[in-house]
Amino acid sequence: MFVEKRKLGRSISLIVGASLILSALPVASAASSSPLAPYKLTLYYPGSPAKDEAKVEAKMNDYLKSKINATIDLIPIDWGQWDSKMNLLKASREPMDIIFTAQWNGHANDVAKGVFLALDDAKGPAGNLIAQYGKDITRSLDPAFLKGSKVNGHNYGIPTNKELAAQGGVIYRKDIADKLGLTSQLNKVKSVQDLVPILASVKKKMPSMTPLFLRDGDNFNSHYFMQQDYLGDTTIEGLIRKDGTSTKVITRFDDKKYMDQLSLTRDIFKKGYINRDAATTQLSGQDALKKGNVFMIVASLKPGKDAEVAIAANLAGKLKQINMTDRTVSTGETAGSMLGISSTSKDPARAMMFINLLHSDKYLNNLLNFGIEGTHYSKVSGEIIKPGPSAANYNPGATWMFGNQFLNYVWNTEASDKWAQFKAFNKGAKMSPALGFTFNAQPVKSQVAALVTVRSKYIAGLETGAIDPSKAKEFQKKEIANGLDKVLKEKQKQLDAFLRSK
């Protein structure tokens, strides 16, 4: 599907200037009385293509034509292929409009490479798009989101309006736990070590079921579980701990808690409790649960995350979460889910108009997230919905990616006060000592690029238990040989300057 939908040239220059900005002004703008020319937007995001995607696109297009005279091409890319395909598209300068981005997905590195446009730079090639076309964004977002997601003083992505704090934990099959008599044990879990005997019971009593599904990015050493603040981009080495007070930039290998967790994960892997393909699997945790043979996954949690995942995995009422870390807030959380505008977009202004609608237009937001009323969902009462007759044909399970989550409907299997719980979740969270700081990789971009390549060769195996932690020293030597010290020094220099200016 991806190849079929992409019949665009590989070589194109970004055309931005006064004529572009004028052509993108709304009909009602005082600056221009000319109507908007038709334009087809593209939206790239990680997720599985849906059977009824074309039907939802058609509905969106009918609506968008009347709003901003645009149509939309939704381009979901499976999680396992997201990084590789998007890296190729970015490197080849493929014409794209809107792209999902996040600090844990190489955002700062992409900014250094020129992948995204600055959205608030009056002197930039596209002007201050937020000021011109993003007024609903600034009205709805907590200022901490835009402030905390800046890179080198500018926003290169618009954060999703969602929970601000982060918490790590697990989501498990409650129905299986009840069946195996494990519920009481699970209710007492406080640490990863507490999970080991539970996983052992699952493996013994249900040998065909994978006790624990791990993957690259979702494991006990993920940034959200280990409370590590990578200062804007988890793909770039150099961190401080979110739950501490020290502002000395260290590597992951200098973090004792990280190394101890690597050893425990390795032990769990050797016992056969983790999927053998953990280091290479292309499945997301949500899709793994959907297959029906997985008992537990690791996840970044929030109120009602278990119910959200259950709906997307066709396991409504069968999942439960265990919160296992403190709630923390870092710059990474403010930039944990964003929509950026590609520097190859032919109409950045129109792209910003669309993102602005996702933050303000309830109909459009819910159409993208839940599909067509009466087909993919139906109203129970007010803002409460239930699955429709064709719910399985369109169920992105990606509400956290798009616009303003507080506009979202709530499934009848979720708490009716879900959004009130979100607000309470943010209160009292531990603030990272570096909150508001984002590393600018530009001064060391060649070293960063080399380190990202080195990291990609070992991190998945190491953090999922597939590789012995004794190999960590070997990997760190390779990082040092590729400029690690320069990157750490530059991160520390920038962080110190930020802290002095506070």
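In this chain, residues are counted from 1 in sequence order.
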Neighbour count above 12 (heavy atom, 6.0 Å) for [X] [atom1]:
X	atom1	result
Lys430	NZ	yes
Lys162	NZ	yes
Lys40	NZ	no
Lys205	NZ	yes
Lys423	NZ	no

List the residues meeting salt bridge (charged side-chain N to carboxylate O under 4.0 Å, His left out) with Lys320, not counting sequence neighbours, and say none if there are none. none
Quiz question: by atom type and distance under 3.5 Å, do the side chains of [X] and [Y] form a donor-acceptor pair?
X	Y	result
Ser345	Asp97	yes
Thr183	Asp178	yes
Tyr258	Glu463	yes
Thr464	Asp216	no
Tyr377	Asn412	no
Ser84	Gln81	no
Asp229	Ser432	yes
His154	Asp120	yes

Under 3.5 Å, sequence neighbours excluded: what are the donor-acceptor pairs made by side chains of residues 389-403?
{"unit_1": "Tyr394", "atom_1": "OH", "unit_2": "Leu368", "atom_2": "O", "d": "2.5"}
{"unit_1": "Asn395", "atom_1": "ND2", "unit_2": "Ile311", "atom_2": "O", "d": "3.0"}
{"unit_1": "Thr399", "atom_1": "OG1", "unit_2": "Gln405", "atom_2": "NE2", "d": "3.0"}

I want to check something: taking the side chain as every heavy atom from C-beta on, are Gln103 and Thr234 in contact at a cut-off of under 4.5 Å?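 Side-chain contact under 4.5 Å: yes.
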Does any N or O in the side chain of [X] come within less than 3.5 Å of the main-chain N or O of [Y], such that one atom is a donor and the other an acceptor?
X	Y	result
Gln228	His223	no
Gln321	Lys305	yes
Glu57	Leu74	yes
Arg173	Leu319	no
Asn219	Arg215	yes
Arg350	Leu41	no

Show your working on side-chain hydrogen bond (donor to acceptor under 3.5 Å, both in side chains) between Asn155 and Ser149 and close with a plain yes or no. CA-CA 6 Å; Asn155 289 107; Ser149 57; 3.2 Å; yes
Once rounded to the nearest 0.5 Å, what's the spacing between atom CG of Asp142 and atom NZ of Lys147? 11.0 Å
Check the pair Arg327 / Glu163 against salt bridge (charged side-chain N to carboxylate O under 4.0 Å, His left out), numbers first and verdict last. CA-CA 11 Å; Arg327 290 171 293 124; Glu163 80 283 355; over 6 Å; no
Least distance between heavy atoms, [X] atom then [Y] atom:
X	Y	value
Lys362	Tyr409	CE-CE2, 4.1 Å
Ile341	Ala351	CD1-CB, 3.8 Å
Arg455	Thr235	CD-O, 3.6 Å

CA sep, side-chain torsions, deciding dist, call: Asp194, Lys188, salt bridge (charged side-chain N to carboxylate O under 4.0 Å, His left out): CA-CA 8 Å; Asp194 293 340; Lys188 298 174 183 176; over 6 Å; no
Can a salt bridge be assigned to the pair Lys271 and Asp267 using a cut-off of 4.0 Å between side-chain N and carboxylate O? yes
Chi angles and distances behind the salt bridge (charged side-chain N to carboxylate O under 4.0 Å, His left out) call for Asp62, Lys59: CA-CA 5 Å; Asp62 288 343; Lys59 280 282 188 181; over 6 Å; no
Evaluate side-chain hydrogen bond (donor to acceptor under 3.5 Å, both in side chains) for Asp83 paired with Asn87, printing each intermediate quantity in order. CA-CA 6 Å; Asp83 286 340; Asn87 286 339; 5.6 Å; no
